[in-house]
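The block underneath contains the structure these notes are about, expressed in structure tokens.
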Amino acid sequence: MAHNPHTFAAAYIILIKDKKILLARRYNTGFEDGKYSLPAGHIESGESFTQALVRETREEIGISLKTNQAKVSHVMHRKTPNREYVDVYYTATDWEDTPKNMEQTKCDDLSWFPVDNLPENIIPYVRQAIEYSTKGIFYSEHGF
């Protein structure tokens with residue numbers, strides 16, 4: 001078996017308010033367009049997961065999340081046909097500012113959904129991570 005020297009990393013935020021979760025529908029990105037996901041992003045060189053989380057949350061939904069407001073709730077090792085990822089999911093129930101769509105060229109809907117009634121058109125691995133996170137399951141794998 002060939003060794004893959006490149007594993008990509010991404011940070012995701014699960015915002016929960018009144019038993020609802022904030023989801024963003026992907027648009028015009030070339031990846032899973034038309035499906036809901038969480039605000040998220042790749043870790044940049046020299047950046048920690050937490051730093052990426054704070055940056056992406058500000059860039060995508062316009063809120064200033066403090067590092068002590070988000071706790072790691074799930075870690076996923078994920079395989080796609082072209083790449084492998086380590087995804088770290090954080091959950092927050094307290095933050096400042098009102099979330100708003102800051103990337104209208106990449107997201108055409110930002111809505112709250114009941115945690116126990118996620119939309120059908122959600123990216124499957126994101127659904128898995130949300131479900132496991134809310135059940136207290138800390139680690140999972142997808143695509144292997």
Side-chain angles (χ1 to χ4, degrees), residues 1-45 47-63 65-95 98-144:
M1 178 177 271
H3 173 70
N4 178 1
H6 302 288
T7 299
F8 294 83
Y12 294 73
I13 186 65
I14 299 171
L15 294 180
I16 297 178
K17 179 181 177 182
D18 300 325
K19 297 183 181 180
K20 292 184 178 181
I21 188 169
L22 185 69
L23 296 175
R25 189 169 56 205
R26 298 181 62 82
Y27 167 74
N28 202 31
T29 68
F31 177 75
E32 299 285 6
D33 289 333
K35 294 184 181 175
Y36 283 95
S37 188
L38 295 163
H42 290 104
I43 311 304
E44 295 179 355
S45 180
E47 186 177 52
S48 73
F49 277 96
T50 306
Q51 290 168 333
L53 175 76
V54 169
R55 176 182 52 78
E56 290 288 351
T57 301
R58 183 179 57 253
E59 288 175 2
E60 293 189 10
I61 58 174
I63 67 172
L65 191 65
K66 295 182 177 83
T67 57
N68 65 346
Q69 292 176 309
K71 303 291 182 214
V72 174
S73 57
H74 190 73
V75 175
M76 179 182 288
H77 186 196
R78 178 169 55 93
K79 183 179 178 187
T80 70
N82 303 320
R83 296 180 175 178
E84 285 186 29
Y85 285 87
V86 173
D87 297 329
V88 176
Y89 292 81
Y90 293 76
T91 297
T93 57
D94 181 40
W95 59 87
T98 300
K100 54 189 169 287
N101 184 359
M102 303 295 290
E103 295 186 323
Q104 295 181 7
T105 60
K106 297 179 183 179
C107 171
D108 67 356
D109 184 45
L110 189 65
S111 297
W112 293 94
F113 293 89
V115 174
D116 60 356
N117 190 21
L118 299 174
E120 289 295 320
N121 59 329
I122 188 171
I123 297 173
Y125 68 84
V126 171
R127 177 186 300 277
Q128 177 180 319
I130 291 169
E131 289 174 356
Y132 284 13
S133 178
T134 58
K135 292 177 182 175
I137 300 170
F138 189 73
Y139 175 79
S140 70
E141 298 171 351
H142 187 88
F144 287 90

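All residue numbers in this chain count up from 1 along the given sequence.
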### For the student: nearest non-hydrogen atoms of N101 and E103, plus distance
OD1-N, 3.0 Å
#### Entry: side-chain contact (heavy atoms from CB on, under 4.5 Å) involving R127 - partner list, sequence neighbours excluded
L118, I122, E131
### Query
Between L15 and I21, is any pair of side-chain heavy atoms under 4.5 Å apart?
no
### Message
Run the side chain to side chain donor-acceptor pair (under 3.5 Å) test against Y90 and tell me which residues pass, sequence neighbours left out.
### Response
T50
### Query
Under the ring pair (Phe, Tyr, Trp, His ring centres under 6.0 Å) rule, what pairs show up with a residue in residues 20-40, not counting sequence neighbours?
Y36-F113
### L53 versus A70, closest heavy-atom pair with distance
CD2-CB, 3.8 Å
### Over 12 non-hydrogen atoms of neighbours within 6.0 angstrom of OH in Y132
no
### Query
About how many Å separate CD1 of I14 and CG of L22, when rounded to the nearest 0.5 Å?
11.5 Å
### Message
To check you understand the geometry: which heavy-atom pair defines the closest contact between A92 and W95, and what is its length?
### Response
O-CZ3, 3.5 Å
### Query
When rounded to the nearest 0.5 angstrom, what distance separates CG in L38 from OG in S133?
9.5 Å
### Query
Of the non-hydrogen atoms in Y89 and A129, which two are nearest, and what is the gap between them?
CZ-CB, 3.3 Å
### Task
Taking side chain to side chain donor-acceptor pair (under 3.5 Å) as the test, write out the residues that go with S37, two or more places apart.
none
### Task
Would you name the heavy atoms of I63 and T98 that are closest together and state the gap between them?
CG2-C, 3.9 Å
### Message
Can you pull out every salt bridge (Lys or Arg N to Asp or Glu O under 4.0 Å) where at least one residue sits in residues 10-29? Sequence neighbours excluded, please.
### Response
R25-D108
### Message
Run the side chain to side chain donor-acceptor pair (under 3.5 Å) test against S111 and tell me which residues pass, sequence neighbours left out.
### Response
D109
### Message
List the residues meeting side chain to side chain donor-acceptor pair (under 3.5 Å) with E47, not counting sequence neighbours, and say none if there are none.
### Response
R55
### Message
If I take atom CZ from residue F8 and atom CG from residue D87, how far apart are they, to the nearest 0.5 angstrom?
### Response
12.0 Å
### A40: partners by side-chain contact (heavy atoms from CB on, under 4.5 Å), with sequence neighbours left out
Y12
## Note on the structure
Hits for salt bridge (Lys or Arg N to Asp or Glu O under 4.0 Å) against K35, two or more places apart or cross-chain, chain-then-number order -> E32
### Task
To the nearest 0.5 Å, tell me how far D94 CG sits from L65 CG.
9.0 Å
### Task
Please name all residues satisfying salt bridge (Lys or Arg N to Asp or Glu O under 4.0 Å) with K66, sequence neighbours left out, ordered by chain then number.
E96
### Query
Looking at side-chain heavy atoms only, is the closest gap between V88 and I43 below 4.5 Å?
no
### Message
Under the rule for side-chain contact (heavy atoms from CB on, under 4.5 Å), what residues qualify as partners of K79, not counting sequence neighbours?
### Response
E84, F144
### Message
Show the nearest heavy-atom pair for residues K100 and L110, with the distance to one decimal.
### Response
C-CD2, 3.4 Å
Donor-acceptor contacts under 3.5 Å from residues 135-143 side chains, at least two apart:
| residue | atom | partner | partner atom | Å |
| --- | --- | --- | --- | --- |
| Y139 | OH | E141 | OE2 | 2.8 |
| S140 | OG | H74 | NE2 | 2.7 |
| S140 | OG | Q128 | NE2 | 3.0 |
| H142 | ND1 | Q128 | OE1 | 2.9 |

### Task
For the residue pair T57 and P39, establish whether any side-chain heavy-atom pair is separated by less than 4.5 Å.
no
#### Entry: Side chain proximity check, Y85 to M76, heavy atoms < 4.5 angstrom
no
